[in-house]
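Here is the structure we will look at, set down as structure tokens.
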Amino acid sequence: SKETDWTGNSNSIYKTLGASNHTESERESYDYYATSPVAAEHLLKLETFTGPIWECACGEGHLSKVFTKAGYQVRSSDLINRGFGEADVDFLAIDNQENVYVTGYSFGNSKQTNIATIKYNSLGIQQWIDIYSGSGNGNDDGQSIAVDLSGNVYITGTAISTGQIANYITIKYSQPS
């Protein structure tokens, strides 16, 4: 197994890329750049977090492993299966007006999670937020999001119903006419 070399020597991605993110050849589809675990280690020296951490673009889990080792509950996901965390989780969508939509989960008044969906305009200013709690008051989670050409937003995920049964859910947010 090939280990990532964070020092920048001959086995590192930094040799190929130099000081930029450009390459002389065609980039691999869904290419990514792993963040050094040192970044998370430095962050933890400066910050303390409450509740779980979601590494939503976890790659091979380099940052998740640091947060887990520090005692945090970590959810790890990625759009692509890179051998770590949940795969096929797409938490972000952009519409034709360059508004950005994000879905995932947030904590309510208990330790249970609710589906959270947020819209930001093209300047990054929050436009709205919606929180959905399933009827079972369990751990609900937005896992994927899409926007159609009319600007309607669709999220899918899981919601806990009465009796603590996990169900798939799809929510549509219609744009005002």
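What you see is a predicted model; the values in this text were computed from it and never measured.
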Enumerate, atom names and distances included, each donor-acceptor pair closer than 3.5 Å involving a side-chain atom of residues 145-157, sequence neighbours excluded.
{"unit_1": "D148", "atom_1": "OD1", "unit_2": "S150", "atom_2": "N", "d": "2.9"}
{"unit_1": "D148", "atom_1": "OD1", "unit_2": "G151", "atom_2": "N", "d": "3.0"}
{"unit_1": "D148", "atom_1": "OD1", "unit_2": "N152", "atom_2": "N", "d": "2.9"}
{"unit_1": "D148", "atom_1": "OD2", "unit_2": "N152", "atom_2": "ND2", "d": "3.2"}
{"unit_1": "D148", "atom_1": "OD2", "unit_2": "Y154", "atom_2": "OH", "d": "3.1"}
{"unit_1": "N152", "atom_1": "OD1", "unit_2": "Q175", "atom_2": "N", "d": "3.2"}

Checklist entry - Transitively linked via ILVMFWY side-chain contacts under 4.5 Å: I53 with V66? => result yes
Item to check | Atom pair CG (D140) and OG1 (T158), whose distance is rounded to the nearest 0.5 Å | outcome: 7.0 Å
Item to check | Euclidean distance, D78 CG relative to F84 CZ, rounded to 0.5 Å | outcome: 11.0 Å
If you look only at distance, which donor and acceptor atoms sit under 3.5 Å apart when one is on a side chain in residues 91-100 and the other is two or more places apart or in another chain?
{"unit_1": "D95", "atom_1": "OD1", "unit_2": "Q97", "atom_2": "N", "d": "2.9"}
{"unit_1": "D95", "atom_1": "OD1", "unit_2": "E98", "atom_2": "N", "d": "3.0"}
{"unit_1": "D95", "atom_1": "OD1", "unit_2": "N99", "atom_2": "N", "d": "2.8"}
{"unit_1": "D95", "atom_1": "OD1", "unit_2": "N99", "atom_2": "ND2", "d": "3.4"}
{"unit_1": "D95", "atom_1": "OD2", "unit_2": "N99", "atom_2": "ND2", "d": "3.0"}
{"unit_1": "D95", "atom_1": "OD2", "unit_2": "Y101", "atom_2": "OH", "d": "2.9"}

Next on the checklist: Within this structure, what is the CG-OG distance for the pair D141 and S106, rounded to the nearest 0.5 Å?
Outcome noted: 10.5 Å
Checklist outcome for this item: CD (E60) and NZ (K65) are apart, to the nearest 0.5 Å, by 7.5 Å
Checklist entry - Is atom CD of Q126 surrounded by more than 12 heavy atoms (other residues, nucleotides or ligands) closer than 6.0 Å? => result yes
Checklist entry - So how far is it from I118 CD1 to Q127 CD, rounded to the nearest 0.5 Å? => result 12.0 Å
Checklist outcome for this item: Of all heavy-atom pairs linking A87 and N81, the shortest is CB-CB, 3.6 Å
Side chains of residues 40-51: which donor-acceptor pairs under 3.5 Å do they make with residues two or more places apart or in other chains?
none

Could you list the donor-acceptor pairs under 3.5 angstrom formed by side chains in residues 165-173, with sequence neighbours left out?
{"unit_1": "N167", "atom_1": "ND2", "unit_2": "S161", "atom_2": "OG", "d": "2.9"}
{"unit_1": "N167", "atom_1": "ND2", "unit_2": "I165", "atom_2": "O", "d": "3.2"}
{"unit_1": "Y173", "atom_1": "OH", "unit_2": "D130", "atom_2": "OD2", "d": "2.8"}

Checklist outcome for this item: Sorted by chain and residue number, the ring pair (Phe, Tyr, Trp, His ring centres under 6.0 Å) partners of Y105 (sequence neighbours excluded) come out as W54
Checklist entry - Of the non-hydrogen atoms in V74 and S76, which two are nearest, and what is the gap between them? => result CG1-OG, 3.7 Å
Next on the checklist: Please give me the minimum heavy-atom distance between I115 and G142, naming the atom from each residue.
Outcome noted: CG1-N, 3.5 Å
Checklist outcome for this item: Across all chains, not counting sequence neighbours, the side-chain contact (heavy atoms from CB on, under 4.5 Å) partners of E86 are R75, S77, V89, Q143
